[in-house]
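Let me begin by presenting the structure, written as structure tokens, before commenting on it.
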Amino acid sequence: MGGGPRLDGGRPADVLAARRAAGERARARPPGVCGSARHGRGGPCRRPRSDHRRGGRALASRADERDGPPHPAAGRVRVPARARHAVAGRHQRGARARPHVQHRRCGAVHQRAARRHPPPAGTRMTTTEDSDQVLQRRANLEELRRLGVAPYPNRFDRQATVAEIVSAHGGKSAEELDAARITTRTAGRILAIRSFGKANFLVLGDGQARIQVYIREDSLPARDFRIFKLLDFGDWVGVEGRLFRTKTREFTVWASRLEFLAKCLLPLPEKWHGLTDVEIRFRQRYLDLIVNPEARQLFELRSRAVTAIREFLVARGFLEVETPMLQSLPGGALARPFVTHHNALDVPLYMRVAPELYLKRLVVGGIERVFEINRNFRNEGMSAQHNPEFTMLEFYWSYADYTDLMSLTEDLLVDVARQALGADELQYGDRAISLKAPFRRLRLREAVRAAASRRLGVEVAEGDLRARDRAAALAARLGIEVTPGMEAGAITVDIFERLCEDELVQPTFVHDFPTEVSPLSKQTQDDPETVERFELYVAGMEIANAFSELNDPAEQRRRFEAQLSARAAGQEQTHALDEDYVRALEYGMPPAAGAGIGIDRLVMLLTNSHSIRDVILFPLMRPR
RNA sequence: GGCCGGGUAGCUCAGUGGUAGAGCAGCGCACUUUUAAUGCGCGGGCCGCGGGUUCGAUCCCCGCCCCGGUCACCA
């Protein structure tokens, strides 16, 4: 993710997150940090300069060692004390440590490893199953079993979440905590271990908050302290203890009991830099969520936004429904569908590209206000703004037209921003965006006319966009290629996309589209070549597409037929003729307006994310 | 699909035509309020995969795989 400054809204106990956020802030102020973009693939280096200095010193001292006498223990097989009591895996590791070095030259070890774990060709393993760290963790698990500790118990009687404890008592002073003697039982994943022999600290995280746990040998049953000695970074534990503050004022649980809850067998990413490799973050989102608190916060924000949309619409009498995703005729949008097949029926089926035609059937059925928030699938190119499956809100509103929709859309966006962000202004990249209503309204042909005039230095008339050959000539002068099948309207939209989209930073309704590119929209009253349709642009992204719905079945049939002839004329992407949809309209659909809002792009906007993959938990990746 | 950048230890990253490095993580020792704990010591690498050039390739060349960016296609 591009780093959402909005997302680090302070949780006092979230020490590591706060520190990382401090690093983020420091990145904006070069003096404190390395700032080099050279050795990172995801932006400038976040490490403090002292890191590099320390690295340099360590390097120097290593060189010194090389010149000195060899260490007396060099060449001996070490069997660490921790492994001595009983851990078979450790003995094996110790025993094979030396041979491994010798065999490295002849390749014997490599061959053996390759036979056991043949790596897929051309890929990189993110975890090595028999690495030292994994063996160590397995050994610790076995040792727990030997102690009679169930390594995967069935339940734990948690009294409070970490977040609940922090919010209930995290504001209390040391004196208040000592006087109150509050005992609690909580649980979470170990995110840090700081050990001092008899005094030890864990940082426990439950996904929403983090809390420190103080482990003292003489405060715990011997069994529990033995458990502690076998813990690894990432294990799940339950803790019972009294709340207090350490000398350094850190809010802490003084553990009197420790329960083992589950083992983390694989080493986790680093505590300080976290996980930045975007490929691993997307493919193994669970790792991202474990170590990057801002990832969790982003998806919580996304959830809040969706909830806000739902509540907004329900409060206005809209009924939430679910319509088919498997369709025998994909319609409602111009897009290439995913094709599949139903075995029992032996028919081809398509993943839907839009729910539109089904939702309007429901309007025909008398559901006057209806909406659906769900997935659409389009078998097309992927980009920072396109994932093959994406989430869309569509809603339909009887007796309203597209001007009503503009007002409702404004209200909806402001409400969502306030619910999700607590503000109606946001920062996207280097630009401040205000979501305050009313949004700017701009006729499509006016937007194109103005942009083209500016670009060419001569006045372009609206008439230049009405006739096919004049529009094509204009496109040619602008250096935009036009295919033979394109009519004036399609050319106008093409020019708009090339010249205007990027400039629409503040929320703007671009409205009144050519009829020919809007086969489901209703014409304006005074101009049959123009429809009552708008698209909402924010930060150069198309966020919404909406129109007064065409409900004249004869006109709808003509529009579908025009699509068919456009296809015959060579245009690849056209709407199919949906006979049942036309039949539904023949039963009568009340005047209505409908809108589609891309939820992923909206969340990108709200979280200052510049790739759609940042806001989708499991974006599509090429399978490995 | 074209072009550009990248793939080195579990993670974050340096580096070189001549036996591969750091920090964190791991292991050992010390340490009873730490917090990127600290100090000392020790392990850990098919340098994405395959071929070529070379006495010798992680490095140079060719092909492939995967990721990112960008353009094109595509709404």
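All of these numbers come straight from a predicted model, not from anything done at the bench. In the text below, chain A, chain B and the rest are named by the order of the sequence lines, each starting its count at 1.
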Query raised in the report: Between B/C74, B/U32, B/U34, which one does the side chain of A/Phe201 approach most closely?
Result: B/U34
**Report entry** Shortest side-chain distance from A/Pro269, nucleotide among B/U32, B/C27, B/C11
**Finding:** B/C11
Query - Nucleotide nearest A/His273 (side chain, heavy atoms from C-beta), chosen from B/G68, B/C27, B/G23 - result: B/G23
Requested in this report: Tell me the partner of B/C60, counting only Watson-Crick (N1-N3 plus N6-O4 or O6-N4) or G-U wobble (N1-O2 and O6-N3) with both under 3.5 Å; none if nothing fits.
Outcome: B/G52
Report task. Could you please name the option among B/U12, B/G43, B/U34 that lies closest to any side-chain atom of A/Asp132? Result -> B/G43
Query raised in the report: Between A/Glu142 and A/Arg138, is the closest basic N to carboxylate O distance under 4.0 Å?
Result: no
Query - Under 4.0 angstrom between A/Arg622 side-chain N/O and B/C66 OP1 or OP2 - result: yes
Query raised in the report: When you measure from the side chain of A/Glu279, which nucleotide among B/U34, B/C11, B/C66 comes out closest?
Result: B/C66
Query - Side-chain N or O of A/Thr276 closer than 4.0 Å to phosphate OP1/OP2 of B/U12 - result: yes
Report task. Please determine, for B/C46, whether a Watson-Crick or G-U wobble partner exists with both distances under 3.5 Å, and give it or none. Result -> none
Report summary line: note: A/Phe244, atom CZ; B/U34, atom C1'; distance rounded to Å ~ 10 Å
Query raised in the report: Just how far, in rounded Å, is P of B/A25 from CZ of A/Arg137?
Result: 12 Å
Query raised in the report: Mapping A/Met621 and A/Lys247 onto RNA chain B by nearest heavy atom, which one lands closer to the 5' end?
Result: A/Lys247
Report summary line: Considering only heavy side-chain atoms of A/Leu275, the closest of B/U12, B/U34, B/C67 is B/U12
Report summary line: The nucleotide from B/C27, B/U32, B/U34 with an atom nearest the side chain of A/Arg216 is B/U32
Query - Distance between P atoms of B/G39 and B/A22 (Å, rounded) - result: 16 Å
**Report entry** Interatomic distance at P, B/G48 relative to B/C59, whole Å
**Finding:** 8 Å
Report summary line: Mate of B/G17 across any strand shown (Watson-Crick or G-U wobble, both atom pairs under 3.5 Å) is none
Query raised in the report: Between A/Leu266 (CG) and B/G44 (P), how many Å, whole number?
Result: 20 Å
Report task. Please measure how far the P atom in B/A57 lies from the corresponding atom in B/G52, and state the result in whole Å. Result -> 11 Å
Report task. Determine: side-chain N/O of A/Arg283 to OP1/OP2 of B/C67, distance under 4.0 Å, yes or no. Result -> yes
Query raised in the report: Using centres under 5.5 Å plus planes under 30 degrees as the test, is A/Phe196 stacked with B/C31?
Result: no
Report task. Go through B/C74, B/C67, B/U34 for me and flag the one nearest to the A/Glu380 side chain. Result -> B/C74
Query raised in the report: Roughly how many Å is it from CG in A/Asp277 to P in B/U8, rounded to a whole number?
Result: 8 Å
Report task. Identify which nucleotide among B/U32, B/C67, B/U34 has an atom closest to any side-chain atom of A/Tyr214, counting heavy atoms from C-beta outward. Result -> B/U32
